[in-house]
Amino acid sequence: MSRIKIKDLLKSTSFGSEVTVKGWVRTKRENKEVAFVALNDGSIIHNLQIVIDVQSIGEDLLKSITTNACLAVQGTLIQSLGKGQTVEVQAKHIQILGLADPEKYPLQPKAHSLEFLREIAHLRMRTNTFGAVFRIRHAMAFAVHQFFNERGFVYLHTPIITGSDAEGAGQMFRVTTLDPKNPPLNEDGSVNFKEDFFGKVTNLTVSGQLEGELGAMALGEVYTFGPTFRAENSNTARHLAEFWMIEPEVAFNELQENMDLAEDFLKYLVKYALTNCLDDLEFLDDRFKKEEEKKKQEERSDMGLIEKLKFVVESPFERISYTQAVSILLESKPFKKGQFKYDVAWGVDLQSEHERFLVEKYFKKPVILTDYPKEIKAFYMKQSEDGKTVKAMDVLFPGIGEIIGGSQREDDLDKLTIRAKEVGIHEEDLWWYLDTRKFGGCPHAGFGLGFERLLLFVTGMGNIRDVIPFPRTPMNAEF
Ligand code: ATP
Ligand code: MN
């Protein structure tokens with residue numbers, strides 16, 4: 001008999017029919033006559049109750065049904081009399097597919113700390129929390145493609161190994177096949193990378209944007225969605241060394257349209273989760289409330305998770321310039337009382353504490369900050385007439401800070417070349433990028449959305465290590 005997924009079975013009303021289900025034991029309760037097993041197969045957060053007649057199953061078999069053992073159960077679908085479930089399966093035949101020694105199994109049917117679960121990342125997906133997180137992660141990835149596909153964007157695969165060190169977004173990981181003990185040397189004693197695999201220095205990409213721009217100059221509207229690597233030694237709850245980034249790039253868009261696209265995109269994704277992941281979100285909403293209760297009153301979110309998601313879908317994002325933001329911060333209570341750790345001044349990059357003040361305390365909704373000083377932004381951003389700012393935009397989210405960074409791109413060849421030189425980028429390293437400005441250049445714009453930052457928001461999890469299956473962070477590449 002072919003296997004039915006628990007997700008489908010829980011909706012079934014074919015009472016009396018014979019079914020086969022397979023999954024992992026979450027809990028087992030028993031008395032002298034019957035045993036109840038909660039079985040989960042990962043297709044849905046809910047478990048299926050299996051009812052076992054203790055007399056007929058035999059003592060040995062019953063004993064080996066332990067938490068997290070894997071079972072194949074054949075039985076009759078019956079309407080459940082128990083609370084909180086509509087169907088259950090009266091077992092006729094049970095086969096143990098995989099034993100789980102209860103003495104050695106690290107996951108117990110109790111709440112474990114997220115820190116502990118990170119140490120057993122190979123098993124943590126079997127918990128309700130991580131099952132919910134990774135089903136939502138899948139749904140969000142699917143929704144990203146659906147959003148762009150509906151709008152006629154082309155999914156462009158940009159390289160993971162890059163020969164350009166002009167991406168400029170962060171510290172890079174070197175890719176090399178040279179022998180670290182005995183590399184070929186130049187006469188001056190430096191390593192001769194001409195003998196390396198690619199005949200030059202190569203690294204893992206920090207952004208697909210520059211290649212994305214090349215695509216946009218031909219295909220009009222493109223996006224990338226791929227792994228991104230940054231070797232920053234920042235051990236925060238919002239940074240990974242390996243993360244996934246979505247980068248749309250659109251010919252003919254200027255800053256305004258870029259902002260509209262970013263806002264539509266984020267709302268679409270959140271709405272998709274609300275429509276398609278409600279079971280998992282309800283579980284995470286509960287979890288979120290319990291976590292918030294542990295926090296100090298003033299740090300608590302005044303909305304539940306689902307409430308927060310609905311709020312973001314419904315409210316227009318606040319759009320203000322960096323200059324306005326600095327004025328607000330200079331007038332703010334925490335600034336005047338010296339409560340910010342980092343200084344605020346025009347020309348200095350905003351820190352996460354400033355961003356979060358604007359979003360969580362001042363506007364109480366997502367904020368798009370635009371027109372940053374050109375010195376604190378990348379060389380490729382479009383320079384404004386004022387000579388001081390660039391057409392940059394950062395989208396800031398409650399509880400997260402920056403979730404999107406983007407800009408209109410500089411399409412003026414001279415300005416771009418001068419700015420690249422000013423920040424120390426050699427023209428010969430970037431000739432292919434500059435070429436697009438020589439041959440049919442046009443205004444264009446794009447942005448990068450950190451996929452895991454989005455997931456932090458949608459799942460209400462507090463640490464970015466808990467929204468990617470196998471996190472890579474400084475000193476950690478296990479699993
Ligand atoms: P931050 O200031 O938060 O370090 P950034 O300004 O360096 O981010 P960008 O280069 O603008 O980041 O990258 C675009 C987006 O990619 C960010 O808005 C963020 O959502 C995400 N992102 C950047 N760095 C990381 C990282 N180390 N881990 C996870 N996501 C990241
Ligand atoms: Mn940024």
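Index from 1, following the sequence. Counting starts at 1 for both ligands and their atoms, following the listed order.
Near Gly448, with a cut-off below 4.0 Å to any heavy atom, the atoms of ligand 1 are 14 (C), 15 (C). For ligand 1 and Met245, the ligand atoms under 4.0 Å from any heavy atom of the residue are 13 (O), 14 (C), 15 (C), 16 (O). Heavy-atom proximity to His239, at under 4.0 Å, picks out these atoms of ligand 1: 1 (P), 3 (O), 4 (O), 26 (C), 27 (N), 28 (N). The ligand atoms of ligand 1 that sit less than 4.0 angstrom from a heavy atom of Gly450 are 15 (C), 16 (O), 20 (O), 21 (C).
A cation-pi contact links Arg124 to Phe130, judged by a cut-off of 6.0 Å to the six-membered ring centre and 45° from its axis. Figure legend: cation-pi geometry between Arg174 and Phe193, with NZ or CZ positioned under 6.0 Å from the six-membered ring centre and within 45° of its axis. Both the sub-6.0 Å distance and the 45° axial angle are satisfied by Arg437 relative to the ring of Tyr433.
Ring pair His157/Tyr155: centre-to-centre distance below 6.0 Å.
Taking only nitrogen or oxygen atoms, main chain and side chain alike, Leu240 reaches within less than 3.5 Å of ligand 1. At under 3.5 Å, not a single nitrogen or oxygen of Ile464, backbone or side chain, sits near a nitrogen or oxygen of ligand 1.
Contacts with ligand 1 closer than 4.0 Å are made by backbone heavy atoms (N, CA, C, O) of Ile404 only, the side chain lying farther away.
Residue His122 qualifies as enclosed at atom NE2: its count of foreign heavy atoms under 6.0 Å is above 12.
The only member of Lys296, Lys295, Arg300 that meets side-chain contact (heavy atoms from CB on, under 4.5 Å) when paired with Glu298 is Lys296.
In this structure, Arg238 counts as a contact residue of ligand 1, since one of its heavy atoms falls inside 4.0 Å of the ligand.
In terms of distance to the Mn ion (ligand 2), the nearest N, O or S atom of Glu402 is named OE2.
Proximity annotation for atom 9 (P) of ligand 1: of Glu452, Arg472, Arg230, Arg453, Arg230 comes nearest, heavy atoms only.
Side-chain atoms of Gln351 and Glu355 form no donor-acceptor pair, as typed in the model, at a separation below 3.5 Å.
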